Colleague: 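Below is the structure I would like to discuss, written out as structure tokens.
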Amino acid sequence: MREELRSYFTDGLRRRAGHTVGVEAETSFLDGDSQLPISLATSQNMFSELAQRNWHIESTRGGLITSLRSERGDMLNYELGRQNLEISAAPGIDGASGIMSAQVALSELYEVARLFGAAPSFSPMLSTKEDLLVIPDERDAIWLQLDGREALMPLATISSVQFTVEVSLENAIPAINRLNEVLPDFLREYPQEKVWREYIAQSKAGYEESRYGGPRYFKSLDDYIEQLGKYRVVAGACLTRQVPIENVSLFIRSVWWYFRLRRYGDRMCIEVRPIARVHDADIADKLEMVLNIIHS
């Protein structure tokens, strides 16, 4: 396992002068009249309308449109909940262009929502016990089997913002350590923390407690790989110590550290996760804070 992780993090990387920035924003949509989460039919109408414009259908499942891609390269997906839609904006060459890309994609999504009487909720959590789960892809279907519906349901009610920032391999671990040093500042405005902790405890999978959140300090990339390699691999509907890892990227996505390394093509990035959904006008300030920490 360790060798596969090392290869994933080091082989074929390219050095660049700039630092591309990606923004992912999850947004719950509410019915304008009832203020309840929108129905699956409404979210499907929104997907279908965008598909008639400059968005193209990327995937379907069980007769549902589950993923769209814009001509600019933005992605739209369900994030577990039928009302919780995630925009993954096309990466920008810096923070400003990354934010602009996200704002353009979100504006299109809001415009389409209005056609069907829906409006965005700029809130990190919905107060409901309704089962909002929609399982749009194979990964989520695996998680449903692994966790059980009761444990997974609350995750469908929370919305976050995530930033993916390109870094050099040399700066990757020092930057993650700097982010962890100010972790309390992130968690102070992250009410989802409680939901995630309850999910880890209640899941039928029997996750290691540190699989969410993760270590607070790494001595080196070798240490990062060593810590990451201690976790079991998702194989079907169970966790196993199987070696080799069949899908390294999927394995990394199943270890929910606050700050984690992700590979995008030949780029090394840090994914910054513990950021609550806020009003769009505040996302730029959150990103500026993150970039100042990473590049300090």
Side-chain angles (χ1 to χ4, degrees), residues 22 24-31 36-90 105-106 108-110 112-113 115-116 118 120-121 126 128 130-160 162 164 195 199 203-205 233-239 245-256 262 264 271 273 277:
E24 298 177 9
E26 302 163 5
T27 309
S28 279
F29 285 84
L30 304 180
D31 178 83
L36 295 174
I38 60 172
S39 66
L40 182 59
T42 297
S43 60
Q44 280 293 290
N45 285 337
M46 293 165 60
F47 273 68
S48 296
E49 178 65 24
L50 285 169
Q52 300 299 315
R53 303 187 180 194
N54 64 335
W55 293 69
H56 307 284
I57 296 175
E58 281 284 296
S59 62
T60 61
R61 183 180 176 90
L64 301 177
I65 301 172
T66 57
S67 181
L68 296 175
R69 181 186 295 272
S70 75
E71 293 179 348
R72 298 180 304 272
D74 313 302
M75 294 293 299
L76 174 64
N77 301 280
Y78 285 103
E79 181 56 35
L80 285 178
R82 67 176 191 243
Q83 86 303 336
N84 197 18
L85 307 184
E86 180 185 67
I87 285 285
S88 300
L106 286 168
E108 290 187 36
L109 184 58
Y110 301 158
V112 166
L115 296 178
F116 301 100
S121 171
L126 295 182
T128 178
E130 184 180 0
D131 184 349
L132 302 173
L133 280 177
V134 61
I135 305 301
D137 57 27
E138 184 177 358
R139 182 203 69 164
D140 290 338
I142 291 171
W143 256 253
L144 182 61
Q145 282 187 285
L146 189 64
D147 295 319
R149 199 170 192 94
E150 289 300 315
L152 202 58
M153 277 171 47
L155 292 186
T157 68
I158 59 178
S159 300
S160 300
Q162 296 167 8
T164 305
V195 178
Y199 160 69
S203 169
K204 295 178 180 178
V233 178
V234 176
C238 64
L239 295 175
I245 305 174
E246 293 184 2
N247 187 327
V248 175
S249 181
L250 180 61
F251 169 69
I252 289 171
R253 290 168 66 192
S254 75
V255 179
W256 303 281
R262 290 287 301 275
Y264 289 90
E271 186 180 66
R273 297 171 47 78
R277 183 59 161 108

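Since the structure is predicted, the reported quantities are computational estimates derived from the model, not experimental observations.
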Colleague: Salt bridge (charged side-chain N to carboxylate O under 4.0 Å, His left out), that's the test. Do Glu271 and Arg253 meet it? Break it down for me.
Modeller: CA-CA 11 Å; Glu271 186 180 66; Arg253 290 168 66 192; over 6 Å; no
Colleague: Going through the distances and angles, do Asn247 and Phe251 end up as a side chain to side chain contact (heavy atoms under 4.5 Å, CB included)?
Modeller: CA-CA 6 Å; Asn247 187 327; Phe251 169 69; over 6 Å; no
Colleague: Count the heavy atoms of every other residue, nucleotide or ligand shown that sit under 6.0 Å from CD of Glu130, and state whether that count exceeds 12.
Modeller: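 Yes.
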Colleague: Using a 3.5 Å distance criterion without hydrogens, assess whether the side chain of Glu79 forms a donor-acceptor pair with backbone atoms of Asn84.
Modeller: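 Not confirmed, Glu79 side chain does not pair with Asn84 backbone.
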Colleague: Measure across Glu58 and Leu68 and return the closest heavy-atom pair with its distance rounded to 0.1 Å.
Modeller: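 It is CG-C, 4.0 Å.
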Colleague: Check Ile158 against Val195 and note the closest heavy-atom contact, atom names and distance.
Modeller: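 Shortest heavy-atom separation between Ile158 and Val195 comes out as CG2-CG2, 4.1 Å.
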Colleague: With rounding to the nearest 0.5 Å, note down the distance linking CG in Leu155 to CG in Asp147.
Modeller: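 With rounding to 0.5 Å, CG (Leu155) is 8.0 Å from CG (Asp147).
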Colleague: Ser43 side chain to Arg82 main-chain N or O, any donor-acceptor pair under 3.5 Å?
Modeller: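 Pair found, side chain donor or acceptor close to backbone of Arg82.
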Colleague: Please report the shortest heavy-atom distance between Leu64 and Val134, naming the atom on each side.
Modeller: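 In this case the closest contact between Leu64 and Val134 is CD1-CG2, 4.3 Å.
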Colleague: Parallel, tilted or perpendicular, judged at 30° and 60°: which one describes the rings of Phe47 and Tyr78?
Modeller: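 Geometry flag for Tyr78 against Phe47: parallel rings.
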Colleague: Would you say the side-chain atoms of Ser48 pair up with the backbone N or O of Gln44, donor to acceptor, closer than 3.5 Å?
Modeller: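 Side chain of Ser48 to backbone of Gln44, a donor-acceptor pair under 3.5 Å: yes, one is there.
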Colleague: How long is the span from the OH atom in Tyr199 to the CE atom in Met153, to the nearest 0.5 Å?
Modeller: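 Separation between the atoms: 14.0 Å.
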Colleague: In Å, rounded to the nearest 0.5 Å, how long is the span from OG1 of Thr164 to CZ of Arg262?
Modeller: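 Going from the OG1 atom of Thr164 to the CZ atom of Arg262 covers 7.0 Å.
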Colleague: Does Thr60 use its side chain to pair, donor to acceptor, with the backbone of Gly63 at less than 3.5 Å?
Modeller: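 Here the side-chain-to-backbone pair does not exist.
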Colleague: What are the two closest non-hydrogen atoms of Ser28 and Ser159, and how far apart are they?
Modeller: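 So the minimum-distance heavy-atom pair works out to OG-OG, 3.4 Å.
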Colleague: To the nearest 0.5 Å, what is the distance between CZ on Arg69 and CD1 on Ile57?
Modeller: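 Those atoms lie 13.5 Å apart.
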Colleague: What I'd like to find out is whether the side chain of Leu152 reaches to under 4.5 Å of the side chain of Leu146, using heavy atoms alone.
Modeller: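 Sidechains of Leu146 and Leu152: no contact.
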Colleague: Would you check if Met46 and Ile38 make a side-chain contact, meaning some heavy-atom pair closer than 4.5 Å?
Modeller: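 They are in side-chain contact.
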Colleague: Evaluate the side chain to side chain contact (heavy atoms under 4.5 Å, CB included) criterion for residues Thr157 and Thr128: first the C-alpha distance (whole Å), next the side-chain angles of each, then the deciding distance (0.1 Å), finally the verdict.
Modeller: CA-CA 8 Å; Thr157 68; Thr128 178; 4.1 Å; yes
Colleague: Side chains of Leu80 and Leu133: closer than 4.5 Å at any heavy-atom pair?
Modeller: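 The answer is yes; the side chains approach within 4.5 Å.
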Colleague: Judged by modelled atom types alone, do Ser70 and Asn54 share a side-chain donor-acceptor pair under 3.5 Å?
Modeller: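 No pair is found: no donor N or O on one side chain lies under 3.5 Å from an acceptor on the other.
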Colleague: First locate atom OG1 of Thr42, then atom CG of Leu30, and finally report the distance between them rounded to the nearest 0.5 Å.
Modeller: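 Rounded to the nearest 0.5 Å, the OG1-CG separation comes to 11.5 Å.
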Colleague: Which value, rounded to the nearest 0.5 Å, describes the distance between Arg61 atom CZ and Ser59 atom OG?
Modeller: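 Reported to 0.5 Å precision, the distance equals 10.0 Å.
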Colleague: Under 4.5 Å between any side-chain heavy atoms of Met75 and Trp55, yes or no?
Modeller: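 No. Closest side-chain heavy atoms not under 4.5 Å.
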Colleague: So which atom in Ala105 and which in Ile87 form the shortest heavy-atom distance, rounded to 0.1 Å?
Modeller: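 Looks like CB-CG2, 3.7 Å.
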